[in-house]
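Chain letters run A, B, ... following the sequence lines, proteins first, then strands; residues in each count from 1. All values derive from a computational prediction rather than experimental measurement.
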Number of protein chains: 2
Amino acid sequence: MYERKIAIDDQCGLDLLREVLNGKWKFHLLWYIGNGVQRPSELARKIPEAARRVLNMQLAQLEEHELVSKKVYHQLPLKVEYSLTEKGQSLLPLIGALGYWGDDNRDFLQRVIGKTNRFSSPAVAV
Amino acid sequence: MYERKIAIDDQCGLDLLREVLNGKWKFHLLWYIGNGVQRPSELARKIPEAARRVLNMQLAQLEEHELVSKKVYHQLPLKVEYSLTEKGQSLLPLIGALGYWGDDNRDFLQRVIGKTNRFSSPAVAV
DNA sequence: CGGTATCCCTCGGGATACTG
DNA sequence: CAGTATCCCGAGGGATACCG
């Protein structure tokens with residue numbers, strides 16, 4: 001992955017940051033963790049649309065990229081807690097800003113998104 | 001695309017926003033356009049890693065999502081200018097914040113990204 | 001100059017099932 | 001409870017070549 005690393009070295013922060021935040025649920029994970037949701041099962045309940053496996057993968061990446069840290073309690077039943085690192089913390093306000101922007105512009109967003117896929121509506125069952 | 005629209009309706013702004021900002025170069029495009037880069041060719045020069053076709057596609061999406069507007073001058077040689085809409089404008093500070101964060105943490109980012117793909121380095125030629 | 005048409009191929013991420 | 005192993009699919013996006 002990341003085949004053409006060559007270019008990345010003198011790139012703008014936006015590029016670098018994208019590498020790290022790439023992943024469908026990264027923002028959500030960071031946000032929830034930063035707001036006190038630490039257990040994997042809780043996170044999964046907060047983001048029911050995502051498969052557990054995917055969440056785990058993205059959590060692993062976030063951990064490797066040092067935005068979250070993972071604490072494992074070797075007991076039964078097993079217990080795991082995620083938390084933000086310093087860097088992760090410092091990213092929180094930005095994610096919050098994005099989220100709030102989205103909330104504030106929910107109507108707008110739903111409208112313009114709807115434009116793109118009028119066809120998807122037939123979706124029926126759960 | 002966007003198969004399971006059903007879920008999106010009562011979702012948080014982060015989800016909605018993601019739908020609209022999804023795309024490898026959207027942030028860059030918005031940022032550059034918001035900073036006065038309006039001609040397609042200029043944008044392409046600013047983002048040389050991206051294929052023209054891809055930029056055009058993402059620009060089209062941004063336009064459809066009403067974050068940028070496109071002005072075509074029917075003259076020869078052809079001339080096109082992109083600019084941000086109100087909504088696009090209001091998004092700029094957030095993108096800026098992300099970019100600045102990335103710049104401020106360039107060393108950190110390069111390090112942690114490097115961790116993930118030590119193997120990619122053999123990349124030789126341009 | 002600006003844009004589109006093909007072709008292709010990676011890989012993110014969903015479903016399912018199994019292990020400690 | 002937490003996590004991994006397979007399997008699979010679609011779309012995002014890169015390369016190349018061609019039009020107005």
Closest nucleotide among [options] to the [X] side chain:
| X | options | value |
| --- | --- | --- |
| B:Arg39 | D:dA2, C:dC1, C:dG13 | C:dC1 |
| B:Lys70 | C:dG13, C:dG20, C:dG3 | C:dG3 |
| A:Leu78 | C:dG14, D:dA2, D:dG14 | D:dA2 |
| B:Pro40 | D:dG3, C:dG14, C:dG2 | C:dG2 |
| B:Gln58 | D:dG13, D:dG3, C:dG2 | D:dG13 |
| B:Asn56 | D:dG3, C:dG14, C:dT4 | C:dT4 |

* Within a radius of less than 6.0 Å around NZ of B:Lys87, do more than 12 heavy atoms belonging to other residues, nucleotides or ligands occur? ->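 Yes - once you tally the heavy atoms of other residues, nucleotides and ligands closer than 6.0 Å, there are more than 12.
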Nearest whole angstrom, please: distance from the [atom2] of [N] to the [atom1] of [X].
| X | N | atom1 | atom2 | result |
| --- | --- | --- | --- | --- |
| B:Leu55 | D:dG13 | CG | P | 11 Å |
| B:Lys24 | C:dG12 | NZ | P | 10 Å |
| B:Glu19 | D:dG12 | CD | C1' | 14 Å |
| A:Leu59 | C:dG12 | CG | P | 16 Å |
| B:His74 | C:dG3 | NE2 | P | 11 Å |
| B:Leu21 | D:dG12 | CG | P | 14 Å |
| A:Gln61 | D:dT4 | CD | P | 12 Å |
| A:Lys79 | D:dC1 | NZ | C1' | 12 Å |

Would B:Arg18 pass as a cation-pi partner of A:Trp25, given that its NZ or CZ must be under 6.0 Å from the six-membered ring centre and within 45 degrees of the axis?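 Geometry flag: set, cation within 6.0 Å and 45°.
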- Query: Would the A:Trp31 and A:His28 ring centres measure less than 6.0 Å apart?
  - Reply: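 No - the distance between ring centres of A:Trp31 and A:His28 does not fall below the 6.0 Å cut-off.
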Would you say a side-chain N or O of B:Tyr82 is under 4.0 Å from OP1 or OP2 of C:dG2?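 Checking C:dG2 against B:Tyr82, no side-chain N or O comes under 4.0 Å of OP1 or OP2.
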(Q) Could you walk me through whether B:Lys26 and B:Gln61 satisfy the side-chain hydrogen bond (donor to acceptor under 3.5 Å, both in side chains) test, starting with their C-alpha distance in whole Å, then the side-chain angles of each, then the deciding distance to 0.1 Å, before giving a yes or no? (A) CA-CA 9 Å; B:Lys26 295 262 179 84; B:Gln61 291 171 21; 2.9 Å; yes
Discussion item. With hydrogens left out and only the distance checked, is there a donor-acceptor pair under 3.5 Å joining B:Arg53's side chain and the base of D:dG14?
Written reply: yes
### Message
Using only atom types and a distance under 3.5 Å, with no angle test, would you say the side chain of B:Glu81 pairs donor to acceptor with the backbone of B:Gln38?
### Response
no
